[in-house]
Every structure is written in structure tokens, then in C-alpha cells.
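Structure record follows, encoded as C-alpha cells.
This one's a predicted model, so the numbers in the text were calculated from it and none came from an experiment.
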Amino acid sequence: MRILYIGRTSGTSLDRANALRRLGHELVHIDLRALLPRSVWVDRITWRLGGSYFSPWINRSLSVALGEQTFDLCYVDGGEWVTRSTIILLRDRAPMLVNYNIDDPFGSRDGSRLRVYRKNAALYDLCVVMREHNVAEAKAHGVRNVMRVYMSADEVSHAPRPISPQEAQRWQSDVLFLGTWFPERGPFLLDLIRRGVPLTIQGNRWQKAPEWEQLRPHWRGGAVFGDDYARAIQCAKVNIGLLSKENRDLHTTRSLEIPALGALLCAERTSEHLAMYVEGEEALFWADVDECAQACQRALENEGLRERIAAAGHARIARNGHYNENILHNILAFAATLDTRIAEPA
């Protein structure tokens, strides 16, 4: 198909766009953030007040970028700046609009950032969500067609890399947490350190943690991307998977990306993690900081156990099909079964 892809040209959004290309679709990829000023105030206003204030700017620039082009389908990844008037513009170019939202759009973590999505979700022909409770919430917001999927790793971005001796030395860690600071994460990681876990932290915003002075010696630097992201995970003996409580997570992208890279996942025990992997054979799970520390120490003491679990987790994600190409193929197949699109927005 010829697809208009509205989404970021970085991160997992770019991974999904590239997966659609690998599936044989022709894409025109437009990042709405790139149509707005580079000022940090754009993001701050969006976070605090929502994205509707930028609608005239978005629509004017988007109309120029699209010209007279038409598409078989419009795929919106996220949607914090896609207002009703933007949807009207997109409907002139594509007969079907699909939204994919990896966040918890009906939760509280992201402030007003997704207010525009919530207000206009009912105008999409299909909304794809990641969390089971989002299904009922989307329907309560008037969404007619809702599809729930798990998050996914990428066949290319999260394929294991060959690691040179120099890279192994650069990225080696015993126990790694790779991720952004959130308030509940600082106390948990500090408790791990106090229990003797040799922890490395990699990610942004950790200077905001009240525990920063104690965590600082364990912080290796800010967020990493691309090959460095893959190398950091592959070169860690154990990778900690933490959930975002405000995002109501039962799994995250790390739950898929770590095993996809052939590394050992050690994450919170949830119903979704238990559905993904056999505990103790394909991943390590825990319920509290004591159990997490014990799991880490046990894995560090037994190289053969680490390697067996990592290899089994890598094989399991392939069987589960939690990869972008498979998930996106299923989304497009489901969209094709929809008899009619929703009514035109007034």
C-alpha cells in the first residue's frame, strides 16, 4: 500500500516506519514535531496544556508538505498534535486512518500531552493500544474499533551485533538498568546497590533523583541509541527491566528488546511477563527488591545459567512473534477487515 506515516523520525516510531517499508509498503513519513519550532517551549506547552495550540501551524505546514498526494491509508503513531481539523485534512488524502499509541493515553503520567488524542480518538477508523484496560477506556471515549497488541522489538534495530573486544570493554557491566529516571525508580535502584548488587545506570534525567548523590557513582551517562543501545544491553550480564507505574505497565519495550538482543532479562513478575516467558528458564522475575537482588546475584555467580536463559529468551520472543513486522502486518490485516470507515468529522 501507499501509506502516509505520521510519527517521529526517531526511536521506536522510526523502527515501525522502517518495518512497514520492509513489508513492501511505500511510505511518506512526516514528523509533525519537525513542522514546529525547535524551542523547548513547544514540548513544555504540549505537556502542560496539550497540542491543540499548534494546530494552525501544523495544518498549514502539513498541507504544503502533502500537496495533492493521496494514500491508501494514514498511520498515525502517537497523535499528540493531531486535532480534529488535522484529521479532516488527513481524510482528504486517505480513506482510512489508523492510530497506534505505545503510551498509556488514558493514564495520568504524561500530563496533558495526550489530551488531543483523547479528545479525537473516536475519529480514527482503528485505534491500536498496548494495555488491556485501554480497550475499555478507548470505547468509553467513543472509539468504535479497538485492537490491543503487545509492544514489539524490531527485526533490525534489535538484532544482536557482533561485539569487538574494544566494544566489550567499553560497554561491559554486571547488572545494567538502561532507562529514564522516574520517581519510583531511584529508591528501588538505591536499595539494590545497598544489597550489594554491582549496578550500572544509563539514561536521562537521573540528576533529578532525590537519591542522585548516592546513585551518581553508578551512573555511566545519558541515553544511548542505535548500535550503542544494542551494545550496552548485549554487554551486560543482567539487564533490569523496570515498569512505569504511572503508565500502568505490565510490560515495556525493554521486555522484548532485551531478549531480542540475546541478553538476559530480569524484570518484575507480572501476568504479561509470565505470559511471554517461562520464569527461571527464559527470563528472571521478581516481586520486590530483595528477590531482584537475589536473582541478580544468582545469575552473576553462574555464567552457564545466564547464557542458557538468555538464549532461551531469545528463541522464545521469535516464537511469540513480538516483532514489528509481525505486529504491523496483523494491524493492517485487521484494518482491511473493517467494512466501513467512521463518519466524517463534523
Side-chain angles (χ1 to χ4, degrees), residues 11-12 15-16 18-19 22 102 130-131 149-163 167-168 171-180 197 199-200 202-203 223-244 247 249-287 291-292 295-296 298-300 302-330:
T12 63
D15 285 340
R16 288 184 285 276
N18 287 334
R22 294 195 301 268
I102 201 169
M130 308 295 113
R131 297 156 184 83
V149 302
Y150 276 16
M151 300 177 201
S152 44
D154 188 73
E155 290 84 352
V156 174
S157 291
H158 306 121
R161 272 68 164 169
I163 302 293
E167 289 166 343
W171 292 106
Q172 186 279 330
S173 61
D174 287 327
V175 178
L176 174 68
F177 175 69
L178 198 164
T180 302
V197 174
L199 182 68
T200 297
Q202 183 103 41
V224 288
F225 306 97
D227 288 335
D228 285 346
Y229 173 87
R231 292 178 186 120
I233 289 175
Q234 285 182 246
C235 293
K237 296 175 182 176
V238 180
N239 286 271
I240 300 292
L242 297 182
L243 306 176
S244 172
N247 234 23
D249 289 336
L250 294 177
H251 77 282
T252 71
T253 53
R254 299 287 193 279
S255 307
L256 297 315
E257 294 166 357
I258 291 168
L261 283 160
L264 176 58
L265 172 67
C266 182
E268 184 173 345
R269 186 182 295 108
T270 69
S271 58
E272 292 180 3
H273 279 154
L274 291 170
M276 290 176 176
Y277 308 108
V278 176
E279 181 171 359
E281 297 181 17
E282 298 167 341
L284 299 177
F285 298 135
W286 42 266
E291 193 176 7
C292 180
C296 290
R298 187 169 67 253
L300 291 176
N302 191 329
E303 181 178 2
L305 176 69
R306 292 199 310 269
E307 292 179 350
R308 286 196 302 274
I309 294 176
H314 182 68
R316 178 63 185 270
I317 186 178
R319 295 199 304 275
N320 289 346
H322 291 150
Y323 281 97
N324 281 334
E325 291 178 25
N326 182 57
I327 297 293
L328 289 165
H329 171 81
N330 292 340

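- Inter-residue side-chain proximity for Gln234 and Pro160 is flagged as met; some heavy-atom pair is nearer than 4.5 Å.
- Only one option out of Asp227, Asp15, Asn18 pairs with Ser157 in a side chain to side chain donor-acceptor pair (under 3.5 Å); it is Asp15.
- For Ala168 against Ile163, the heavy-atom pair with the smallest separation is N-CG2, 3.6 Å.
- In this structure the side chain of Ile317 never reaches within 4.5 angstrom of the side chain of His158, judged on heavy atoms.
- For Arg254 (side chain) and Leu178 (main-chain N/O), a donor-acceptor pair under 3.5 Å exists by modelled atom type.
- Shortest non-hydrogen contact noted between Ala299 and Leu284 is CB-CD1, 4.0 Å.
- Of all heavy-atom pairs between Ala153 and Ala260, the closest is CB-CB, 3.7 Å.
- The line from CZ of Arg161 to OH of Tyr229 is 10.5 Å long, rounded to the nearest 0.5 Å.
- Nearest approach of Val156 to Arg22, heavy atoms of both residues: CG2-NH1, 3.5 Å.
- The shortest distance between side-chain heavy atoms of Pro259 and Glu282 does not fall below 4.5 Å.
- Between Ile309 and Ala283, the shortest heavy-atom distance links the atoms CG2-N, 3.5 Å.
- Interatomic distance, CD1 of Ile102 versus CZ of Arg131, reported as 8.0 Å (0.5 Å rounding).
- The shortest non-hydrogen separation linking Ser173 to Leu176 is OG-CB, 3.6 Å.
- Side-chain contact between Trp171 and Asp228 is present, with at least one heavy-atom pair separated by less than 4.5 Å.
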- Query: Which is it for Asp154 and Arg16 under the salt bridge (charged side-chain N to carboxylate O under 4.0 Å, His left out) test, yes or no, and what are the steps along the way?
  - Reply: CA-CA 8 Å; Asp154 188 73; Arg16 288 184 285 276; over 6 Å; no
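- In this structure, CG in Leu243 is found 6.0 Å from OG1 in Thr270, a value given to the nearest 0.5 Å.
- Taking CD of Glu281 as the reference point, atom CZ of Arg308 lies at 10.5 Å (rounded to 0.5 Å).
- Asn320 and Arg316 are linked by a side-chain donor-acceptor pair at a separation below 3.5 angstrom, with hydrogens and angles left out of the test.
- The shortest distance between side-chain heavy atoms of Val149 and Met130 falls below 4.5 Å.
- Residues Asn239 and Leu261 have side chains not in contact (no heavy-atom distance under 4.5 Å, counting atoms from C-beta outward).
- Contact check for Leu250 versus Glu268: no side-chain heavy atoms found under the 4.5 Å cut-off.
- Of the charged side-chain nitrogens involved, at least one lies within less than 4.0 Å of a carboxylate oxygen, so that Arg269 and Glu291 count as a salt-bridged pair.
- Summarising the geometry, atom CG belonging to Leu265 is positioned 6.0 Å from atom NE2 belonging to His273; distances are rounded to the nearest 0.5 Å.
- Between Phe285 and Tyr277, the angle of the ring planes lies from 30° to 60°, which puts this pair in the tilted group.
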- Task: Start with the C-alpha gap between Leu256 and Met276, add the side-chain angles, then the distance that decides, and say whether side chain to side chain contact (heavy atoms under 4.5 Å, CB included) holds.
- Result: CA-CA 9 Å; Leu256 297 315; Met276 290 176 176; 4.1 Å; yes
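- Judged by distance alone, with hydrogens and angles left aside, the side-chain atoms of His322 form no donor-acceptor pair with the main-chain N or O of Ser152 at under 3.5 Å.
- Separation of atoms CG (Leu264) and CD1 (Ile240) is listed at 9.0 Å; rounding is to 0.5 Å.
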